[in-house]
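Lettering of chains follows the sequences in order, A, B, ..., and the numbering in each one begins at 1. All values reported here derive from a predicted model rather than from experimental measurement.
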Protein chains: 2
Amino acid sequence: MMRTHIGISLDGFLASASGMPAWDFQPTFDGSGHGYPEFMAKVGAVAMGRTSFDQGLDDWLGAWPWGDKPIFVLTSRPLPGNAPPHGRGRAGGVEGLAERIRNAGIDGDVQLLGGAKTVRAFLDAGALDRLGIVVLPLLLHRGIPLFDTEPLSFSTDAWRESGGQRDASPPAAFELDSQQAFDDGSMHLVYRPKR
Amino acid sequence: MMRTHIGISLDGFLASASGMPAWDFQPTFDGSGHGYPEFMAKVGAVAMGRTSFDQGLDDWLGAWPWGDKPIFVLTSRPLPGNAPPHGRGRAGGVEGLAERIRNAGIDGDVQLLGGAKTVRAFLDAGALDRLGIVVLPLLLHRGIPLFDTEPLSFSTDAWRESGGQRDASPPAAFELDSQQAFDDGSMHLVYRPKR
C-alpha cells in the first residue's frame, strides 16, 4: 500500500520558500513523534521525485534512512554514481513507476516521500492508497504547498455570474481513515481517496 | 469570545472561484451537523466583512439568521437602507471594531463569519480568540483561501542559497483547543492563537 506521512502547516505548505520542510518549523519535531516511528515500522520501500532525491542525497549518504529497502525515484535521467546500490531510478512516468512498484513484491508499505509534484502525480494517477498528513499548528504564509492551489480573491462579478450555482467541476473527495491529535497540537489525518 | 466556524476544503479554500462556500460542495452539509448548531447556540452576536454582508444580504433578508442579535460589519461605507435595524456597521478599522465589540456587553460568543480577508485581519490584530475550522474531505484546487497564501515551486537555487537554514521569519503558531471527527470524514479543529 502506497502511503504518505507528510507534515504540512495549517495553511497547507509542506516546505518553506527555500525548501525547508514544514516539520523543521515545529519546535517539538525531532523525528521521534507525530506517528513517524509507527509509520516507518511498516515501510518496506520508499518512492520519491527526482528533486527530493537530489535535495536529500548528500544528507542521506551519511546515514541512509531506509536501510536496504528498495528506493524508487521518479525521473527520466540516470541517478548519480554515488547513489546507493539499491537506488532504482528511471521510470516510464508515474503510471510506469506505480506498476513497477506494485510488481516488485514489496513486503510492507511503500512510503511516498514527496515532493509536492510527485505526491500530486501519484494522487492524480490513482496510485496513492493513503494520503497521510500531519497538520502542524502554525502558518507559513508562503512556500511549497502540498496541493496544487490557485488562490483567488473574492470577485463580485464572478459571484453574480455564477447565479449562486456551484462551479461545474466536482472536487476530488476522500474518506477519513484515521485521525489522532498529538500533545503539541499537531493533528495526524489519514485520508483514503475515493475512486 | 470571538470565534469562527468555517468550512474549508482539505486544500484550504473556504469558497470556490465564484464565491460559493466550501460547505456547499460537501454532499452531507445541510447546516444541521458539523458542530454548527452547538456553535450557534452560544453565539450572541455576529461580525463580518462588508463583502460578506453585501453577498449575503439578499438571502438573509428573507430569513435573518441571527434573530435580534447584534451584527457588526467591518466597513467604511454606510449600510444600505434595507439592512436590518440591528445592523451596526461602520468601524474605525479592525482594531476599532474589535474594541466596540468588546465594549458592547455581548452575552455569549461573537461569531466572526468571514470572509477570508476579514478573518485574517482579526487574526493579525490579535482579536480572534478561537479559529474554528471544519476541514472538509475534498479538494477544490482553486478558489478563495482562508489563509493568505503564496504558493511557490521548489527552487534548487533558493534551497542552495538558504544553506539548509530555516527562513528567517517565524511562523504564526496556535494551540489545538479541541478536535472532533464527523461521520462524513470532516474534521472539526479549534485553534487558540498563541500570543
Q: With a 4.5 Å cut-off on heavy-atom pairs, point out which of A:K117, A:M187, A:E175 contacts chain B the most.
A: A:M187
Q. Do you know which of A:L131, A:I8, A:D59, A:D11 has the most heavy-atom pairs under 4.5 Å to chain B?
A. A:D11
Q) Which of the residues B:P145, B:S18, B:P151, B:G19 is involved in the greatest number of heavy-atom pairs with chain A at under 4.5 angstrom? A) B:S18
**Q.** Part of B:L136 within contact of chain A (heavy atom distance under 4.5 Å)
**A.** neither
Q: Please round to the nearest 0.5 Å and tell me the distance separating atom OH of B:Y191 and atom CG of A:L10.
A: 5.0 Å
Q. With a 4.5 angstrom heavy-atom cut-off, which part of A:Q26 approaches chain B: side chain, backbone, both or neither?
A. neither
Q: Could you tell me which of B:G185, B:A116, B:S153 has the largest number of non-hydrogen atom pairs under 4.5 Å with chain A?
A: B:G185
Q. For the residue pair A:I144 and B:F154, what are the closest heavy atoms and their distance?
A. CD1-CA, 3.5 Å
Q) B:L146 versus chain A, heavy atoms under 4.5 Å apart: side chain, backbone, both or neither? A) neither
Q: Quick one: closest heavy-atom pair of B:L176 and A:A181, and the distance?
A: CD2-CB, 4.1 Å
Q) Based on non-hydrogen pairs under 4.5 Å, which of A:Q55, A:K194, A:R160, A:E161 is most in contact with chain B? A) A:Q55
Q: Among A:F182, A:W159, A:F13, A:F147, single out the residue with the greatest number of heavy-atom pairs under 4.5 Å to chain B.
A: A:W159
Q: Mind ranking A:R142, A:H141, A:R192 by heavy-atom pairs under 4.5 Å with chain B and telling me who comes out on top?
A: A:R142
Q) Quick one: what part of A:A15 sits under 4.5 Å from any heavy atom of chain B, side chain, backbone, both or neither? A) neither
Q. Quick one: CG on B:L140 to OG1 on A:T149, what's the gap to the nearest 0.5 Å?
A. 11.5 Å
Q.
Taking side chain as everything from C-beta outward and backbone as N, CA, C, O, which of these in A:L189 sits under 4.5 Å from a heavy atom of chain B? Side chain, backbone, both or neither.
A. side chain
